[in-house]
Amino acid sequence: MAAVEEERFTRQKHDPGFPTNAIEFCLAEGGIVAEEVDAVCFYEEPLTKFDRIIDRHISYFPLSYGHFRQVPSRWFGEIFPLKRLLAQRLRFICPVYFFPHHLSHAAYAFFSSDFDEAAVLVVDAVGEDSSASWGVGRGCNVTLKEEMPYPHSLGMLYTTITALLGFKVMDGEGTIMGLSAYGEPVYVETIRHMAPCFDDGSIFLKPEYFAFDYSNRMMSGKMEDVLFRARRPQEPIEQKHCDLAASVQAFLEERLIAMAKYVREKTGHNKVCLGGGIALNSLFNGKLTGQKIFRKVFIPPAPGDSGCAVGSALLYYYKQEDAERTKTSCHASLGTEYSQREIDNFLNLKGIPHDNFPDDTLLETAAKALRQNKIVGWFQGRMEFGRRALGNRSILASPAKAGVREILNSQVKGRESFRPFGASVLEEKAKDFFQNPTSSPFMEKVFFVRPECRKRIPAVVHQDGTCRIHTVPESEDNLYRKLIDTFHRDTGLPLVLNTSFNLAGEPIVSNPREAYDCFAKSGMDLLVLGNSLIQKKTPL
Ligand SMILES: [Fe+2]
């Protein structure tokens, strides 16, 4: 019924704080108060995790002293006294249940799918004390069978290279994926030397190269010796940086494909659900689909830790004696929503000139703006849960003009010029523009653009000839689908460039005010808020 990340309310990206606003929103959406809630579920077993943290701290003491001093405040301030805080701050009186982290990831992935049974593969940086797990989902049950123990972690390896390349850890990983298209994987064997590999896909991180247990720098001096000195954020990106990004991406894909083959063989299932932060790696997701190791690959809209919270609640729900598996079609429209009256009130109160149009005029006007290479802010319905904007809080542009990408990166999003943009495509037309695409309803997969089509849609073709796509099925009978339809009718292109409605370093906009502020201070030309249209610069 409702799911939202706290960052959308506090406007602090990846806000790790106590999610008071998100909880209050979900209660309000459910039409209940805290006293009516039967159970609160948390996606981690704190004691197991804390045990691992202490254990690693002792192993690296005294090197780890400075690093460890930062840890206790959150644990003693928020996690251990969780039940008391829930009671004090939000008046919850119910029990609090703690579920294993990877099991929660697995539950969210499997229960969000429409599979009766399937293999489940979870890979992230670290859960309590494991970094990858696989298992099986069947009916109301999800069971994990094997795990890769921390500190041997594909997620931590990828994040360490992200840090070495001068990007923010737990945030810049997507940037590395984009950068990888500009390089050659010449460092793969060097990475393999630091992280020896096994047939089941697992790895062993040699401790002399990794410092994430005792330093915020993540990598040791020895890693810099065998690769190169860590890039500082303000320093230019050189070819060697692109090559290292390409190498870690290739290494990750190779390992994950090996893991997938192992899981396929062990479980015998021909369907798989992916969970954990690695399932945000859309390049891998596309390749896994293309390799046909599994007949079907399902990735939910929020495979990272936000979805994990939903997973823990689903675990509790399906443990009830009378539980029956409910399979509703999975979607991401679970966040905030504003009525046209609320939008009008905001615009009138602020004195913002605007026009309100019926649907057909609105669609014609927005499609015309896209055709004229204008950049359109598109705000409709409920905000998406997860990192991808899927036509509810999106910035849109025509895919047909190469220069749009530069304008979007520099004048609208304020981010690096090499960052690619994805596309929302009419599902039934995807095969005309992309090679062997499958359904990708949450913009979770990357596919090659057909060579003969690349010149027609240059703004969404990445350096390596790929594009991350969001397939919009005919069954999605909403304004967004109709907008792509209208654009298709006028241009012959069944797709639009779609990027999330936010500026660099900020969370996706939640309400009309944030959308307008983002529009006003960026290079967007037009803003569509519900049925209201706000223009900037020259009239259409
Ligand atoms: Fe996780």
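Everything quoted here is computed from the prediction, not taken from an experiment. Note that the numbering runs from 1 along the sequence shown for the chain. Each ligand, and each atom within it, is numbered from 1 in the order the structure gives.
For Arg325 and Phe110, the positive end sits near the middle of the six-membered ring, less than 6.0 Å away and at most 45° from its axis. A cation-pi contact, defined as under 6.0 Å to the ring centre and within 45° of the axis, is absent between Arg217 and Phe210.
Of the charged side-chain nitrogens involved, none lies within less than 4.0 Å of a carboxylate oxygen, so that Lys13 and Glu7 do not count as a salt-bridged pair.
Residues Pro196 and Lys206 approach most closely at CG-CE, 3.8 Å, considering heavy atoms.
With waters left out, the protein N, O or S atoms under 2.8 Å from the Fe ion (ligand 1) add up to 4.
Using cut-offs of 30° and 60° for the angle between ring planes, the Tyr182 and Phe418 rings count as perpendicular.
Of the candidates His101, Met148, Glu147, Ser130 forms a side chain to side chain contact (heavy atoms under 4.5 Å, CB included) with just one, namely Glu147.
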